[in-house]
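Heads up, the thing below is written out as structure tokens.
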2 protein chains.
Amino acid sequence: MATGRTHRPATRSRGIPEATVARLPLYLRALTALSERSVPTVSSEELAAAAGVNSAKLRKDFSYLGSYGTRGVGYDVEYLVYQISRELGLTQDWPVVIVGIGNLGAALANYGGFASRGFRVAALIDADPAMAGKPVAGIAVQHTDELEKIITDNGVSIGVIATPAGAAQQVCDRLVAAGVTSILNFAPTVLTVPDGVDVRKVDLSIELQILAFHEQRKAGEDAGHDDEESDDARAVAAREARRAVREVREAAAKGAPAADAPAGASDRKGPDGDVPAVMPA
Amino acid sequence: MATGRTHRPATRSRGIPEATVARLPLYLRALTALSERSVPTVSSEELAAAAGVNSAKLRKDFSYLGSYGTRGVGYDVEYLVYQISRELGLTQDWPVVIVGIGNLGAALANYGGFASRGFRVAALIDADPAMAGKPVAGIAVQHTDELEKIITDNGVSIGVIATPAGAAQQVCDRLVAAGVTSILNFAPTVLTVPDGVDVRKVDLSIELQILAFHEQRKAGEDAGHDDEESDDARAVAAREARRAVREVREAAAKGAPAADAPAGASDRKGPDGDVPAVMPA
DNA sequence: ATGTCTTTGTGAACGCGTGCACAAAGATGG
DNA sequence: CCATCTTTGTGCACGCGTTCACAAAGACAT
Ligand SMILES: NC(=O)c1ccc[n+]([C@@H]2O[C@H](COP(=O)([O-])OP(=O)(O)OC[C@H]3O[C@@H](n4cnc5c(N)ncnc54)[C@H](O)[C@@H]3O)[C@@H](O)[C@H]2O)c1
Ligand SMILES: NC(=O)c1ccc[n+]([C@@H]2O[C@H](COP(=O)([O-])OP(=O)(O)OC[C@H]3O[C@@H](n4cnc5c(N)ncnc54)[C@H](O)[C@@H]3O)[C@@H](O)[C@H]2O)c1
């Protein structure tokens with residue numbers, strides 16, 4: 001290269017921040033819903049509300065796409081759906097294999113949302129000989145012996161691991177050796193993979209533990225240990241949260257069986273992005 | 001309040017960064033494994049390797065806990081297990097309800113890792129009258145009508161939503177109104193909750209789409225559109241990734257059925273937390 | 001055409017998270 | 001008791017992500 005200089009504003013270089021990529025599916029979902037209701041255009045404010053994010057963030061995200069809105073009007077829904085789909089690589093078909101067809105693997109296989117976005121379950125693989133041939137979600141389960149052949153024949157590049165933790169690394173190694181370069185791991189293990197292979201993990205246990213941490217803070221500090229009550233931002237925030245929680249609890253106790261929920265406007269607590277689920281962040 | 005000023009350095013207030021909290025379960029898992037092998041102490045370097053994180057990061061994380069290691073030796077495994085468990089609130093029992101006992105809900109109910117860490121499935125709830133009374137994972141499914149009573153009677157503060165997307169917000173509202181203040185949502189919807197309620201989401205579809213994005217970049221840019229090939233950091237990183245992927249693919253093609261994986265030392269690609277894999281520097 | 005009004009696109013500031021690098025702490029051996 | 005060696009705890013710098021705030025762009029009315 002070398003030609004490049006900093007004075008190139010890089011108006012449209014192909015550099016999309018990871019945080020933005022993680023939000024694109026969220027926008028896409030909201031846009032798809034609008035599209036189904038035949039809404040022609042949407043403002044950043046509206047769409048941001050639907051996706052549960054800040055509108056400035058959304059606009060900046062779209063600016064990375066080079067996506068063009070129309071000032072004074074908003075974004076064209078159909079156009080955005082297409083742009084985001086293309087950017088995410090959803091205009092092509094992605095064959096996926098699921099390895100480990102137990103409770104979870106079977107549920108995943110049955111999951112409809114799979115096919116809805118260009119992902120196709122190419123094969124279900126399990127090590128249990130008794131499973132071989134048995135149909136799950138309309139697909140016959142194949143034995144692990146066939147793994148390499150399946151990957152190669154179908155050009156599979158995305159694999160889902162739903163085996164017990166003990167088998168995960170071994171399965172991962174075989175998948176990678178066979179040509180898989182993206183793995184979604186449901187087993188509670190840290191997978192080691194070579195460079196160039198992406199791993200994302202979904203760990204129910206971790207999610208619950210994170211919730212428990214916050215739960216403990218909300219409930220615990222309320223009455224618990226009274227020593228060391230320094231005043232710092234965090235403590236203040238915690239106190240505020242406690243108050244909010246107490247309000248919720250009181251409202252709950254008061255009756256109001258279903259929803260008198262102030263779902264309307266005011267306070268939306270961001271189920272948003274940060275530290276999403278999987279990651280961590 | 002009010003007394004607080006900015007000039008308070010807040011040396012050791014109870015302020016644990018969210019990113020750290022998200023990693024604690026990871027450390028805990030690695031430590032538990034060590035504990036089962038009766039390993040007495042572990043260095044930050046070893047533990048970091050086991051958890052798939054940077055050792056400096058790990059040490060800093062532990063420093064927030066006020067956790068004390070011993071210089072020249074490392075950390076006491078048992079002590080750390082206890083400290084982290086306590087910090088995460090795992091020393092107490094957390095009753096959890098699962099709402100929506102379909103494919104996924106049933107799999108979650110059957111999941112053993114649930115109980116292993118202080119989480120107890122207090123009830124399974126479904127709106128389908130046909131499900132009522134049917135045992136799943138040894139627990140009789142209860143009808144949604146009982147939701148409020150179940151929450152109240154069992155003091156449930158954590159709820160798992162595994163219903164179809166359309167019902168999620170409504171179920172969420174009822175859970176919150178009944179007193180639940182932490183929700184783990186598997187339905188592909190943005191939930192709106194009042195302040196003080198935590199929501200975490202697990203969305204398979206989003207994970208796959210993120211993988212597809214990187215997959216497209218790896219495979220696509222290789223041959224695809226040749227116009228506009230500017231030189232910027234991102235492009236360089238992508239190119240590097242492509243090379244790595246090609247190597248993997250070639251190795252795969254060459255045979256090597258299982259693992260000749262260089263799992264050894266060198267390149268562990270962070271399955272870690274944030275933005276796991278590609279992470280273009 | 002011109003003015004007004006809405007909404008985008010982004011410059012800039014800020015805060016958080018990460019990782020380097022090193023001084024201090026303590027164990028261990030002589 | 002001192003020297004050496006290991007490993008922690010953290011100060012610091014850097015980069016990413018978020019958010020504010022506003023100028024510019026364009027629609028729309030007059
Ligand atoms: N069930 C859940 O809700 C849930 C939630 C979170 C995480 N997980 C994790 O997901 C994984 C699967 O959970 P599950 O409840 O479905 O377990 P399961 O025991 O029901 O299913 C595991 C399946 O993997 C198969 N298997 C074992 N070794 C294999 C191998 N080497 N190659 C291919 N297949 C192999 C088994 O034959 C079995 O069918 C576990 O690691 C679990 O910790 C499950
Ligand atoms: N199955 C998966 O692997 C998977 C993966 C990712 C996300 N999801 C999501 O998880 C959710 C459940 O998926 P599934 O495959 O188990 O669907 P499912 O249709 O098999 O199960 C849904 C269950 O929820 C019950 N239900 C419906 N409305 C209810 C209400 N108002 N209150 C209580 N229960 C109610 C239904 O009776 C049914 O038993 C869906 O939103 C799906 O998009 C599933």
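So that the names make sense, note that chain A is the first sequence line, chain B the second, and so on, each numbered from 1.
Checked for salt-bridge contact, B/Arg29 and A/Asp203 meet the test: a charged N lies under 4.0 Å from a carboxylate O.
Across the protein-nucleic acid pair, B/Phe62 atom CZ and C/dG17 atom P stand 17 Å apart, rounded to whole Å. In this entry the distance linking OH of B/Tyr64 with C1' of D/dT10 reads 10 Å, nearest Å. If you measure from atom CD1 of B/Ile16 to atom C1' of C/dC16, you get 16 Å, rounded to the nearest angstrom. B/Tyr79 places its OH atom 15 Å from the C1' atom of D/dT8, with the value rounded to the nearest Å. Remark: P of C/dT10 and CG of A/Leu65 are 12 Å apart, rounded to the nearest angstrom. Here the C1' atom of nucleotide C/dG9 and the CG atom of A/Leu58 are 12 Å apart, to the nearest Å. Atom-to-atom, CG of A/Asn54 to P of C/dG9 comes out at 15 Å; the value is rounded to the nearest Å. When the C1' atom of D/dT8 is taken as reference, atom CG of B/Asp76 falls 15 Å away, rounded to whole Å.
The two atoms that bring B/Gly69 and B/Tyr75 nearest to each other are CA-CD2, 3.5 Å, heavy atoms only. When all heavy atoms of A/Leu24 and A/Ile84 are compared, the closest pair comes out as O-CG2, 3.8 Å. B/Gly196 approaches A/Lys218 most closely through the heavy-atom pair O-NZ, 3.1 Å.
Looking at A/Lys60, its side chain has no donor and acceptor atom pair within 3.5 Å of the base of D/dT18. For C/dA27, the base has no donor-acceptor partner in the side chain of B/Arg71 [N/O atoms by modelled type, under 3.5 angstrom].
In the model, A/Glu36 has no side-chain atom that pairs as donor or acceptor with a side-chain atom of A/Thr32 under 3.5 Å.
Looking at which nucleotide of DNA chain D each of A/Arg59 and B/Glu45 is closest to, the 5′-most match is held by B/Glu45.
Counting only heavy atoms from C-beta on, B/Lys57 has its side chain closest to C/dT18 among C/dT18, C/dT8, D/dG17. Side-chain proximity of A/Ser63 to the nucleotides D/dG17, C/dG9, C/dT8 is greatest for C/dG9. Counting only heavy atoms from C-beta on, B/Ala56 has its side chain closest to D/dT10 among D/dT8, D/dT10, D/dC20.
Between A/Ser44 and the phosphate of C/dT7, there is no side-chain N or O to OP1/OP2 separation shorter than 4.0 Å.
Among the heavy atoms of the strands lying under 4.0 Å from A/Tyr75 are primed sugar atoms or P, OP1, OP2 only; no base atom is included.
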